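Data first, discussion second: the structure below is written as structure tokens.
These numbers come from a predicted model, not from an experiment. Every chain is numbered from 1, with letters handed out A, B, ... down the list of sequences.
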Amino acid sequence: MSAILSIAGLRKSFDAVVVADDTTFDVTEGEALGVLGPNGAGKTSLFNLITGALRPDAGRIAFAGQDITTHSAAARCKEGIARSFQIPQPFGGMTVFENALVGATQGAGLHGREAEAHAVDVLEETGLMPKANTRAGALSLLERKRLELARAMAAKPKLLLLDEIAGGLTDAECVALIDTIKRIHAGGTTIIWIEHVLHALLVVVERVIVIDFGRQIAEGDPAQIMETPEVKEIYLGIDADA
Amino acid sequence: MSAPTVTRATRASSVATVIALIALVLLAAAPWWAGRADMRLMGEILLYLSLACLWNLMAGYAGLVSVGQQAFVGFGGYMLFALTIFGGLHPIAAIIAAGGLAAIVSIPIATLIFRLKGAYFAIGTWVIAEVFRLSFAQVSALGGGSGSSLPVGIVKSLAASRSGREALSYWLALGAAVVVISAVYLFLRSRRGLALTAIRDSEVAASGLGIDIWRTKLEVYVVTSAFTAIIGGLIFLQKLRISPDAAFSVNDWTAFVIFIVVIGGIGTLEGPIIGTLLFFALRETLADFGTIYLMVLGLVAIVVMLKAPKGVWGLIRDRFDLELFPLSYRVRTATDKGA
């Protein structure tokens, strides 16, 4: 299988703070990749670089065989990259259905009844149908997280970026959300998922990369990666040299 | 189970449409039932309503909080005078041409001031308006700093009699308000309008969903500036006299307009309509009290901003779940219908 996303030599810094330091990796079409790392390691910045919200200082990003390094965020969404935000960014004055419709009409480029039908489909898939006519500003945290997912899926992405979508949820809520994400992945969508809730991440992803201070410090099979000293140090506070 | 259906009209919006049509017929017939002073006032109300709808689209939806739209009101007024006096155009043709010229002028201004964010943007728009005022004050052919009057010949080209002119000027104001409200409504109802509404609520999420924010804002800025210039032309066609201070007044053409939109409900279509009615109700009742009138306006604005940031329409909408313009989508599932 070919790489749908190919990142090479990506660098980005804000003055002294380096958020991407020669980041290089490929994501295969249909894969689910996990991204781990401590707070401030540059995980969300990596998403911002992939979606075009940030411009890299150096390096290139290719998506579906095309160099998209200079493309705008809006163009990248139309090309097939959609994301959920760590802190939900609902269109608060619009209904849940209208939120999804924005993704369907603007991102996926659908029109009229076709767009409305697709928006209904993603609301059913993400379990938000009972809230379709509710103003998004009035939703609970779980519902906001689901809305992030629904809106991204409404844009019909080939590559879906999930930014700590399970954070802050109860275990029961988390299980339901994982089911939805598994279904989306089984439908052929490539996923990159940043998550601190490891048990959620590890039932979905097939491979993980670990980032710290913008550097990739480990990459590979999730179970093996969790056993490496670097990751143990980050997540369990165990001194790697001990 | 049948598939969910999506509709937009509500009972309130159907009732509102009927009421609006009746009101429109009554307003169109005003020259036959209203006195001269009342008609002048109604004409002024309709022009303020148009300015408020335009400013609301730009600031309330596109997030372009300009305090310099008087630049385009004055530009439209001066173009009416210049194109009729020196270009020999009919006043109505001159006003339409003023809209086109304002659209062209607004593009380089936008590329300049769109680099500024938030408060800096607001101040930038004000500076641009001052540049307009000072520039037009230099044009001695248009009366320089003291301004000029519309020549009698041009005024008479509108209609021979005074009552005919006043009726025409009123109908132009009514027509402009209908065109502006319909245009804003149809735009917001379209898919581009959906994109603009998304920008209103979250720019970062909107750009991530494929919406070109800069282009959408530019389109809104150019179109509102063009319409604002047309309204400016109509305002000074009523006044028949123009001067730089009157044409580019920040109080008359921006502060009052912001007051109207904010107390009515910013970022909604209904807000500017309610705000305009409230503003003129206050102005007409307090007209005899002099400066107290401005102090009361200020007090009302402060109370509304503190107690009801979404304006009077925001209060009504939240309380009764009303929508007069059918912009929202309602999803009905089979169970809702009782099946």
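Neither the backbone nor the side chain of Leu123(A) comes within contact range of chain B, judged by heavy atoms closer than 4.5 Å. With a 4.5 angstrom heavy-atom cutoff, Leu327(B) touches chain A only via backbone atoms. If you measure heavy-atom distances from Val120(A) to chain B, the contacts under 4.5 Å come from the side chain alone. Contacts of Thr105(A) with chain B are made by both backbone and side-chain atoms, with heavy-atom separations under 4.5 Å. At a 4.5 Å heavy-atom cutoff, the contact between Ala155(A) and chain B is made by side-chain atoms alone. Only the backbone of Pro90(A) comes within less than 4.5 Å of a heavy atom of chain B; no side-chain atom from C-beta onward does. At a 4.5 Å heavy-atom cutoff, Arg215(B) makes no contact with chain A through either its backbone or its side chain. Interface remark: Leu161(A) contributes no atoms to any contact with chain B (heavy atom separation under 4.5 Å).
A cation-pi geometry, defined here as NZ or CZ lying under 6.0 Å from the six-membered ring centre and within 45° of its normal, holds between Arg151(A) and Phe91(A). Judged by a 6.0 Å distance limit and a 45° cone about the ring axis, Arg8(B) is positioned over the six-membered ring of Tyr329(B). The cationic group of Arg317(B) does not satisfy the cation-pi geometry with Phe320(B), failing either the under 6.0 Å distance to the six-membered ring centre or the 45° limit from the ring axis.
Here Gln106(A) is the residue among Gln106(A), Gln89(A), Arg83(A) with the most heavy-atom pairs under 4.5 Å with chain B. Comparing Met129(A), Glu79(A), Arg76(A) by how many heavy-atom pairs each has under 4.5 Å with chain B, the most go to Met129(A). When Ala117(A), Ala75(A), Gly93(A), Gly137(A) are compared by the number of non-hydrogen pairs under 4.5 Å with chain B, Gly93(A) comes out ahead. Across Glu116(A), Lys78(A), Glu148(A), Glu98(A), the residue that shares the most heavy-atom pairs under 4.5 angstrom with chain B is Glu98(A).
Using a cutoff of 4.0 Å between basic side-chain nitrogens and carboxylate oxygens, Glu143(A) and Lys131(A) are scored as salt-bridged. Ion pairing between a basic and an acidic side chain is recognised when a charged N comes within 4.0 Å of a carboxylate O; Arg11(A) and Asp57(A) show no such pairing.
Counting heavy atoms from C-beta on, the side chains of Leu162(A) and Phe85(A) never come closer than 4.5 Å.
Side chains of Asp163(A) and Ser84(A): a donor-acceptor N/O pair is absent below 3.5 angstrom, by distance only. Using modelled atom types and a 3.5 Å distance limit, the side chains of Asn133(A) and Arg330(B) yield no donor-acceptor pair.
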